[in-house]
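Computed from heavy atoms alone, side chains included, the values below leave out hydrogens, waters and symmetry copies.
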Amino acid sequence: MRVKSSATTASRIAVATEGGRAGLGTLQAALGVIAFSLTFPATAWGLEGFGPWSLVAVRSVLAAVIAGGALLALRVPLPDRRHWFGLAVVAAGVVLGFPLLTTLALETSTTAHAAVVVGLLPLTTALLSALRVGTRPSRTFWAAALAGAAAVLAFTVQQSGGALSTADLYLFAALLVCAAGYTEGGRLARVMPGWHVIGWALVLCLPLTVPVAALALTQEPVHLTAHSVTGLLWVAAGSQFLGLVVWYRGMAAVGIPKASQLQLAQPLLTLVWSVLLLGEHLTVAAPLTAAAVLVCIAVTQRARG
């Protein structure tokens with residue numbers, strides 16, 4: 001009886017420990033989603049005091065300093081040579097391409113509009129991932145993906161007066177390069193911790209971002225304000241590095257499917273921040289299109305599962 005009681009107690013402790021770990025993982029993943037949802041409003045604040053090239057280059061340098069410091073402090077060894085091409089793809093898509101293209105778009109687009117368009121990112125990533133891995137998604141997956149793309153395309157054309165604007169072209173290009181970076185990053189995260197992936201990608205960009213930052217700061221006007229500095233610090237530390245750290249840790253604890261369900265709230269959260277922090281006025285089409293895209297994403301995830 002005593003042996004049975006000990007086994008039961010140990011089993012209960014194991015279940016409680018696992019439940020606590022899952023709860024912490026869910027919290028970490030949720031913090032990552034919140035960090036990402038603030039990226040566009042923070043970028044809009046940053047543009048109040050920095051030019052687009054200055055903002056993107058400086059944010060990348062600051063994030064690389066933070067990431068490099070963490071890699072150095074923890075004595076993380078250099079990745080194997082065979083992983084550097086993948087890291088370069090992550091760097092080009094996530095560190096450079098997506099921030100630059102979305103920042104250029106936000107010079108003339110509202111954060112609410114950008115949030116709806118970029119809400120297609122999970123779908124775009126799923127499509128590129130299927131092509132990269134060579135899987136054959138179901139018809140349901142493709143139907144939902146095309147429906148989501150059609151909803152966003154109709155929204156952008158309606159908002160732009162019947163034609164795509166330059167900002168829309170930037171945003172659609174941002175979707176492609178970021179999805180490529182996420183796809184390659186997801187592949188690398190199978191063989192190294194996720195934060196190592198983004199950390200080394202940031203460090204890899206330093207030879208480019210440092211001179212670009214120095215040049216851009218001399219060519220573009222800089223007006224330091226509370227908003228611009230806060231926006232810069234957030235996109236550098238919060239969005240570019242710390243948000244990804246807690247996000248990857250959360251995914252590791254609760255699994256990608258459950259964490260992805262939390263990410264469905266990201267576009268809607270950005271819409272909320274655009275109203276609260278920037279005072280933007282939403283059209284009825286924005287939240288309706290965002291909700292339609294979220295439904296399509298949920299269907300594709302279920303189809304993939």
So, taking the atom named [atom1] in [X] and the one named [atom2] in [Y], what distance separates them when rounded to the nearest 0.5 Å?
X: Ser109; Y: Tyr170; atom1: OG; atom2: OH; value: 12.5 Å
X: Leu171; Y: Leu175; atom1: CG; atom2: CG; value: 7.0 Å
X: Thr26; Y: Leu31; atom1: OG1; atom2: CG; value: 11.0 Å
X: Leu188; Y: Thr183; atom1: CG; atom2: OG1; value: 11.0 Å
X: Thr230; Y: Trp45; atom1: OG1; atom2: CH2; value: 6.0 Å
X: Cys178; Y: Leu121; atom1: SG; atom2: CG; value: 4.5 Å

Taking [Y] as the starting point, is it possible to reach [X] by hopping between hydrophobic residues whose side chains are less than 4.5 Å apart?
X: Val197; Y: Val191; value: no
X: Leu47; Y: Val222; value: yes
X: Val95; Y: Val177; value: no
X: Tyr182; Y: Leu101; value: no
X: Leu106; Y: Val235; value: no

Test side-chain contact (heavy atoms from CB on, under 4.5 Å) applied to Trp53 and Leu100, step by step: CA-CA 7 Å; Trp53 292 89; Leu100 178 60; 3.7 Å; yes
Within the structure provided, determine whether [X] and [Y] are in side-chain contact (heavy-atom separation under 4.5 Å).
X: Met192; Y: Pro79; result: yes
X: Thr166; Y: Thr108; result: no
X: Thr102; Y: Thr43; result: no
X: Thr209; Y: Leu96; result: yes

Enclosure of Phe36 CZ (heavy-atom neighbours >12, cutoff 6.0 Å): yes
For residues 274-292, run the donor-acceptor check on the side chains, cut-off 3.5 Å, and write out each pair with its distance to 0.1 Å, sequence neighbours left out.
{"unit_1": "Ser274", "atom_1": "OG", "unit_2": "Leu271", "atom_2": "O", "d": "2.6"}
{"unit_1": "Glu280", "atom_1": "OE1", "unit_2": "Thr111", "atom_2": "OG1", "d": "3.1"}
{"unit_1": "Glu280", "atom_1": "OE1", "unit_2": "Ala112", "atom_2": "N", "d": "3.2"}
{"unit_1": "Glu280", "atom_1": "OE2", "unit_2": "Thr111", "atom_2": "N", "d": "3.0"}
{"unit_1": "Glu280", "atom_1": "OE2", "unit_2": "Thr111", "atom_2": "OG1", "d": "3.0"}
{"unit_1": "Thr289", "atom_1": "OG1", "unit_2": "Ala285", "atom_2": "O", "d": "2.7"}

Ser228 vs Glu48, side chain to side chain donor-acceptor pair (under 3.5 Å): CA-CA, chis, key distance, verdict: CA-CA 6 Å; Ser228 63; Glu48 293 180 12; over 6 Å; no
Aromatic ring proximity, centroids under 6.0 angstrom, Phe155 and His113: yes
For Phe85, the rest of its hydrophobic cluster, which grows through side-chain links under 4.5 angstrom: Val89
Over all atoms of both residues, closest heavy-atom pair of Pro267 and Ala115: CB-O, 4.0 Å
Closest contact, heavy atoms only, Leu204 versus Pro207: O-CD, 3.3 Å
Short side-chain to backbone donor-acceptor contact, Ser54 and Phe50, under 3.5 Å: no
Ring geometry between Trp195 and Phe241 (parallel below 30°, tilted from 30 to 60°, perpendicular above 60°): perpendicular
Parallel, tilted or perpendicular, as decided by the 30° and 60° cut-offs, for the rings of Trp200 and Trp84: perpendicular
Polar side chain donor-acceptor pair, Trp273 to Ser37, under 3.5 angstrom: yes
Worked check of side-chain contact (heavy atoms from CB on, under 4.5 Å) between Thr270 and Thr39: CA-CA 8 Å; Thr270 299; Thr39 299; over 6 Å; no
Residue pair Val152, Phe172: steps toward the side-chain contact (heavy atoms from CB on, under 4.5 Å) verdict: CA-CA 10 Å; Val152 170; Phe172 282 120; 4.3 Å; yes
List the atom pairs, with distances to 0.1 Å, where a side-chain N or O of residues 57-75 and a protein N or O form a donor-acceptor pair under 3.5 Å, not counting sequence neighbours.
{"unit_1": "Arg59", "atom_1": "NE", "unit_2": "Gln240", "atom_2": "OE1", "d": "2.9"}
{"unit_1": "Arg59", "atom_1": "NH2", "unit_2": "Gln240", "atom_2": "OE1", "d": "3.1"}
{"unit_1": "Ser60", "atom_1": "OG", "unit_2": "Val56", "atom_2": "O", "d": "3.0"}

